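Heads up: the structure comes next, in C-alpha cells.
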2 protein chains.
Amino acid sequence: MFLTQRNQYALRAIVELAKRFGSGPVKVSEIATAQAIPRRFLEVILGQLKGSGLVAAKRGYHGGYILLREPEDITVGNVIRFLQGEPDHKDCQNCVFKLQCPTDRDCAFASLWNRVNEAVFGIFDETTIQDLVEDGRMVES
Amino acid sequence: MFLTQRNQYALRAIVELAKRFGSGPVKVSEIATAQAIPRRFLEVILGQLKGSGLVAAKRGYHGGYILLREPEDITVGNVIRFLQGEPDHKDCQNCVFKLQCPTDRDCAFASLWNRVNEAVFGIFDETTIQDLVEDGRMVES
DNA sequence: TTAATTCCCGACTCTTTTAGTCAAGAAAGA
DNA sequence: TCTTTCTTGACTAAAAGAGTCGGGAATTAA
C-alpha cells in the first residue's frame with residue numbers, strides 16, 4: 001500500500017472538510033464521527049496538518065477546523081507531499097552520481113524508482129480534493 | 001518508498017543471478033558480497049524466492065543458486081507480485097461494493113488507489129530483469 | 001567414508017514505525 | 001466565569017522490519 005493509515009486519515013479529514021467547505025468551522029469530533037477515525041488520534045493529525053497551510057483551526061465555542069483553499073485548488077499531491085515528502089531515493093541518488101553507493105557499480109534501480117515515482121505523483125498531482133469528494137458522491141447513491 | 005529493504009535485496013539478488021546467467025550456480029556468499037547484502041539475511045530471502053519458481057538452489061560443493069528463466073523473460077512485476085502480492089485494497093473494495101465499509105458513504109479513494117496501482121504495476125510489468133542489468137551497466141562505466 | 005562445502009530451517013533478538021491514548025492547559029464565546 | 005474546543009507533549013502498545021544464530025541435511029571431493 002502506498003499510504004499509512006494515518007495519512008489516509010489525514011486525507012479523509014481533508015475530504016470531509018471539503019464536503020463542508022464554506023459552512024464554517026467543523027469540529028474534530030464531527031470529522032472523527034463522519035469518517036470513523038479515533039478522535040484523539042485525529043486531533044494529533046489535524047494539528048500536524050495546520051503546518052501545511054491547507055487548514056486552520058479556531059478554538060472555543062464555535063471552533064473547529066476549516067479548509068483554507070478551495071477543494072479544487074488542492075491536490076492529493078499537495079497533501080501527500082506535506083505529510084511524507086516525496087520519497088527520498090537517497091541510496092539511488094548516490095548510485096546515479098556514483099558516490100558512496102553501497103551497491104556501488106550496479107544500482108540498476110534509479111531509473112525504475114524515478115519512473116514509478118513520477119507515475120504515482122503524476123496521478124496524485126492531477127487529482128484534486130474536489131475530485132475525491134465527487135468520487136465519494138458517485139458511490140454514495 | 002515502494003519496496004522494503006528486504007524486497008530490494010531480493011530484486012538485487014535476482015539481478016546478480018541474471019548477470020551470471022548461464023555460468024552455473026552462484027553461491028549465496030558471492031551474491032551477498034557483490035550486492036553488499038548481509039549473508040545470513042540473504043539466505044532467508046533466497047529461500048523464500050525458491051517458492052516463486054524463478055530460482056532454484058543446489059547444495060554441496062559446487063552448489064549455489066541459479067535463475068530458472070532468462071532475464072528478459074522475468075519482469076520486476078513477477079518478482080514483486082510474488083514477494084508481496086498485489087496491494088489488497090480490501091477496505092476500498094468494500095467501499096466499491098458498498099459493504100460494511102468503515103468509512104461508509106464516502107470512500108472516495110477506490111478509484112485513486114486503483115489508478116495508482118495500475119500505474120505502478122504497469123511499470124513493473126514492462127521492466128524486465130534484463131533491463132535492470134543493462135541499466136546497471138550504463139551507470140557502471 | 002570422511003571431510004569440506006553449501007544450502008536449509010526455525011527460532012530468536014533488536015530496532016523502528018505505526019497507531020493510538022491521556023492529562024493538563026490555553027483561547028474563545030455564551 | 002463556565003463551557004466548549006483546540007493544543008501540546010509525553011506516553012504506551014502492537015506490529016513490522018531487519019538481521020542473527022545454531023545446528024542439520026545434501027552434495028561432492030579426496
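Sequence lines set the chain letters: A, B, ... in the order given, protein chains first and strands last, and positions in each chain run from 1. All of these numbers come straight from a predicted model, not from anything done at the bench.
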Exercise for the section: May I ask you to say whether Glu16(B) pairs ionically with Arg20(B), meaning some side-chain N is under 4.0 Å from a carboxylate O? Expected result: yes
Practice task
Considering only NZ, NE, NH1 and NH2 on the basic side and carboxylate oxygens on the acidic side, decide whether Glu43(B) and Arg39(B) come within less than 4.0 Å.
Solution key: yes
Handout entry: Side-chain H-bond candidate by donor/acceptor type, Ser111(B) with Asn114(B), under 3.5 Å
Key = no
Among [options], the one nearest [X] by side-chain distance:
X	options	value
His62(B)	dA29(D), dT7(D), dC8(C)	dA29(D)
Ala57(B)	dC8(C), dC6(D), dA19(C)	dC8(C)
Arg40(B)	dC7(C), dT21(C), dG22(D)	dG22(D)
Tyr61(B)	dG20(C), dA30(C), dT5(C)	dT5(C)

Practice task
Tell me what Val28(A) touches on the nucleic acid: a base, only sugar-phosphate, or nothing, going by heavy atoms under 4.0 Å.
Solution key: sugar-phosphate
Whole angstroms only, please: what is the [atom1]-[atom2] distance between [X] and [N]?
X	N	atom1	atom2	result
Ile45(A)	dT8(D)	CD1	P	16 Å
Leu3(A)	dA19(C)	CG	C1'	15 Å
Leu83(B)	dA18(D)	CG	P	12 Å
Arg59(B)	dA26(D)	CZ	P	6 Å
Tyr65(A)	dC6(D)	OH	P	7 Å
Lys50(A)	dG9(D)	NZ	C1'	14 Å
Ile37(A)	dA19(C)	CD1	P	12 Å
Arg12(B)	dA18(D)	CZ	P	12 Å

Distances for protein N or O near nucleotides 15-18 of chain C N or O, under 3.5 Å:
none

Practice task
Please figure out whether Lys58(B) or Leu42(A) has its closest DNA chain C nucleotide nearer the 5' end.
Solution key: Lys58(B)
Handout entry: Side chain proximity check, Val116(B) to Phe124(A), heavy atoms < 4.5 angstrom
Key = yes
Exercise for the section: For residues Val76(B) and Val79(B), determine if any side-chain heavy atom of one lies less than 4.5 Å from a side-chain heavy atom of the other. Expected result: no
Fill in the blank from the handout: Note: with side-chain heavy atoms under 4.5 Å as the link, the other cluster members for Leu68(A) come out as Ile66(A)
Handout entry: side chain to side chain contact (heavy atoms under 4.5 Å, CB included) partner of Ile31(A), chosen from Val26(A), Ile45(A), Val15(A)
Key = Val26(A)
